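Counting convention: from 1, in listed order, for ligands and their atoms alike. Since the model is a prediction, treat every value here as computed from it, not as a measurement.
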Amino acid sequence: MPVARPETSDSRIIAHVDMDCFYVQVEQRKQPHLKGQPTAVVQYNSWKGGGLIAVGYEARKDGVKRSMRGDEAKKVCPQIHLVQVPVARGKADLTIYRNAGSEVVSILARKGRCERASIDEVYLDLTDAAETMLKETPLETLESIDEEVLKSHVLGLSLNGNDDRETVREWLTRRDADHRDKLLACGAIIVAELRLQVLRETEFTCSAGVAHNKMLAKLASGMNKPAQQTIVTLASVKGLLEPLPIKKMKQLGGKLGSSLQTDLGVNTVGDLLQFSEQKLQDIYGANTGTWLWNTARGISGDEVEGRLLPKSHGSGKTFPGVRALKTLAAVEKWLKELCEELSERLQLDLETNKRVAHTLTLHANAYKSTDTDSLKKFPSKSCPLRYGAGKVLEDSVNLFQAALREFLGSYTNPVDGGWGVTNLSVSASKIVAAPSGTCSITRYFHGQDRFHASSEQSDKKFAPESDNLSPSRTESHSASHQTECEGGQTQITSDTFSLDQYETACKDEAIESCSTSKQHEPQLRLSEKERNINDGKRSYEQKRKATQEKGTSSILRFLQTNSCSSSNQETKCLPSEGVQEALDMGSESQNKRRTDSWRYNAGEIDQSVVNELPAEIQEEVRTWLRPQKQANTVKRGSSIAHYFSPNKNKQTNLRKS
Ligand code: DCP
């Protein structure tokens with residue numbers, strides 16, 4: 001359900017920047033001879049010339065539309081250039097578009113808080129920049145104003161078509177203007193400058209909406225395309241919103257919008273104005289009721305989130321008509337491709353941006369041969385995400401099977417036949433900053449085990465996407481033949497685990513899986529005693545604090561906390577004085593206790609787990625595991641690694657692997 005966030009101030013200056021025919025521009029930059037030519041980007045499949053996913057403005061003039069296939073576009077516009085989307089793993093590869101989007105984001109972010117909303121859309125909070133500009137340069141004193149600013153469309157400003165730029169100049173420089181309009185004028189100047197910078201540095205044009213909140217800015221950015229900007233003055237809000245079809249409003253494209261239409265007869269935003277806030281609250285609950293009441297009046301307190309990176313990653317593919325996947329083997333084959341791509345992107349995100357994702361979700365559309373209405377009723381399933389392509393695949397297959405069982409109403413594992421999958425996608429969401437230093441290592445090691453445990457019990461935890469009135473529309477682009485979860489809100493609206501639940505679950509599961517799952521990686525087992533201590537005495541909070549420490553000393557703490565002082569431990573090592581110092585041990589008894597619990601069997605670390613860690617962490621871990629030559633040698637003052645020397649046999653294994 002939408003959450004009402006009352007407008008904190010209508011003096012905010014928010015811009016929504018949307019790239020023009022984005023994929024086409026990216027292709028035209030790559031192949032400059034296409035510039036100025038009617039061009040469209042098509043999906044890679046060859047059926048009827050492939051589906052159009054982006055159409056350049058020259059081709060639009062000739063009547064080419066995104067809903068067309070290549071063959072149809074050729075009929076309408078014989079000179080059109082059809083460029084195929086790059087392909088990798090048998091599906092669209094959007095990397096060049098994603099990277100091009102990042103180039104633009106890095107430029108736009110120079111002037112204020114910037115939120116990457118999708119592969120080609122960005123919100124900017126320019127309030128501070130506008131206020132500063134207004135203080136430094138009163139608008140009425142401006143001597144020259146760039147043409148790009150004068151070309152702005154100011155909603156509510158009547159133009160006679162003769163000297164429109166002069167009229168806009170007068171509006172921008174009015175001495176007696178409302179302070180909020182003056183800020184909007186500054187916003188328009190800043191946005192025009194940013195758009196010019198984007199053009200200069202990337203060769204891409206974009207359009208923008210400038211308003212007092214995100215909702216209005218987004219509505220305005222598409223009003224005048226390409227390469228133009230639209231300003232929403234306070235006085236124009238009513239006129240802008242009233243005629244808009246209710247289903248066109250963000251978050252009202254789904255069931256909530258349909259309910260407004262069928263239950264209340266609301267077809268335009270203006271129709272909504274007749275309902276009191278109380279009435280809307282009575283029908284839709286306090287929050288949604290207030291949100292609807294505010295929306296009808298152009299009030300929205302949504303903040304621009306300072307986020308330059310995507311909020312989720314997704315990889316998907318559709319299998320229309322005869323291409324529907326009808327066997328588990330076929331589904332698994334495609335899941336392998338999708339999971340590998342997703343995993344690569346997760347890894348890249350981890351290495352480049354130090355971010356980790358927590359939730360894996362599987363979406364699919366399917367039909368039952370016996371029930372033609374069953375299309376799209378396939379439940380989405382989520383579980384905690386484990387890193388590594390193999391694990392992502394394993395979990396995705398489990399998720400798919402659980403969903404298919406539910407879809408078919410079967411208690412046993414489904415078999416081939418009687419069903420077909422027309423769309424399949426996996427996504428990773430709940431992406432947060434990876435804790436630095438040891439903490440990330442801890443999480444990885446803990447995570448591997450607990451995730452494994454959770455996947456074993458997955459059926460109990462898989463939950464369907466909710467079927468309530470939550471808006472299902474997202475800001476991410478989902479092409480007819482692909483899934484792109486770049487930026488924007490993900491389509492996962494009701495994962496089994498909320499982040500809090502997940503944290504709690506992790507807390508509970510980490511200990512058990514560490515201690516019991518021999519086959520699980522890594523096999524860092526806790527002794528009975530330590531488990532009891534962990535279970536009973538150490539709160540989760542304390543544990544978290546301990547692992548939040550940075551640097552080598554905290555790495556050691558990690559090992560200390562999680563080390564395996566099991567009875568069959570053969571190698572006992574003592575820390576060097578230096579290390580001891582770094583640990584800031586304090587009292588002697590503490591020293592002893594910690595030293596005892598340092599027994600650590602490096603041979604028990606599975607190399608495949610180490611291989612999945614980010615490069616720099618791998619390096620760090622390998623440093624500890626390297627000191628094979630000094631096995632069983634306990635030397636004060638030697639390197640940290642010496643204190644983790646495995647026994648001989650295990651060293652040999654380790655070296656082999
Ligand atoms: N896209 C896609 N599948 C869709 C819609 C869009 O793959 N069904 C991709 C191609 C687009 C890009 O996302 O270039 C951005 O989508 P927009 O809806 O913003 O459309 P364009 O940028 O192409 O055109 P416009 O200038 O109308 O915004």
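For the pair Asp20 and ligand 1, the shortest N or O to N or O distance does not fall below 3.5 Å. Between Cys21 and ligand 1, an N or O atom pair is found at a separation short of 3.5 Å. The distance criterion of under 3.5 Å between nitrogen or oxygen atoms is met by Phe22 with respect to ligand 1.
Every atom of ligand 1 is numbered from 1 in the order shown, and the set under 4.0 Å from a heavy atom of Arg60 is 24 (O), 25 (P), 26 (O), 27 (O). The contact set between ligand 1 and Arg66, taken as ligand atoms under 4.0 Å from a residue heavy atom, comprises 5 (C), 6 (C), 16 (O), 17 (P), 18 (O), 20 (O), 23 (O). Close approach of ligand 1 to Met19 is summarised as follows: ligand atoms under 4.0 Å from at least one heavy atom of the residue are 22 (O), 26 (O), 28 (O). Within ligand 1, the atoms closer than 4.0 Å to a non-hydrogen atom of Lys225 are 25 (P), 26 (O), 28 (O), numbered from 1 in the order shown.
Ring-plane geometry between Tyr123 and His16 is classed as tilted, the angle between the planes lying from 30 to 60 degrees on a 0 to 90 degree scale.
Glu58 and Thr39 share no side-chain donor-acceptor pair at under 3.5 Å. Using a 3.5 Å distance cut-off with no hydrogens or angles, the side chains of Asn224 and Thr230 do pair a donor with an acceptor. A donor-acceptor pair shorter than 3.5 Å can be found between the side chains of Tyr97 and Glu27. No donor-acceptor contact under 3.5 angstrom links the side chains of Asn423 and His363, judged on distance only.
Taking the ring axis of Trp419 as reference, the NZ or CZ atom of Lys326 does not stay both within 45° of it and closer than 6.0 Å to the ring centre. For the pair Lys225 and Tyr57, the NZ or CZ position fails the cation-pi test of under 6.0 Å to the six-membered ring centre and within 45 degrees of the ring normal.
When heavy-atom distances to ligand 1 are checked against a 4.0 Å cut-off, Asp120 comes that close only through its side chain, counted from C-beta outward. Within the 4.0 Å heavy-atom criterion, neither part of Val55 lies near ligand 1.
Within the structure, ligand 1 lacks Gln43 among the residues with a heavy atom less than 4.0 angstrom away. Contact annotation: Glu121 has no heavy atom less than 4.0 Å from any atom of ligand 1. Heavy atoms of Tyr57 come nearer than 4.0 angstrom to ligand 1 in at least one pair.
For Leu338 against Leu424, the heavy-atom pair with the smallest separation is CD1-O, 3.5 Å.
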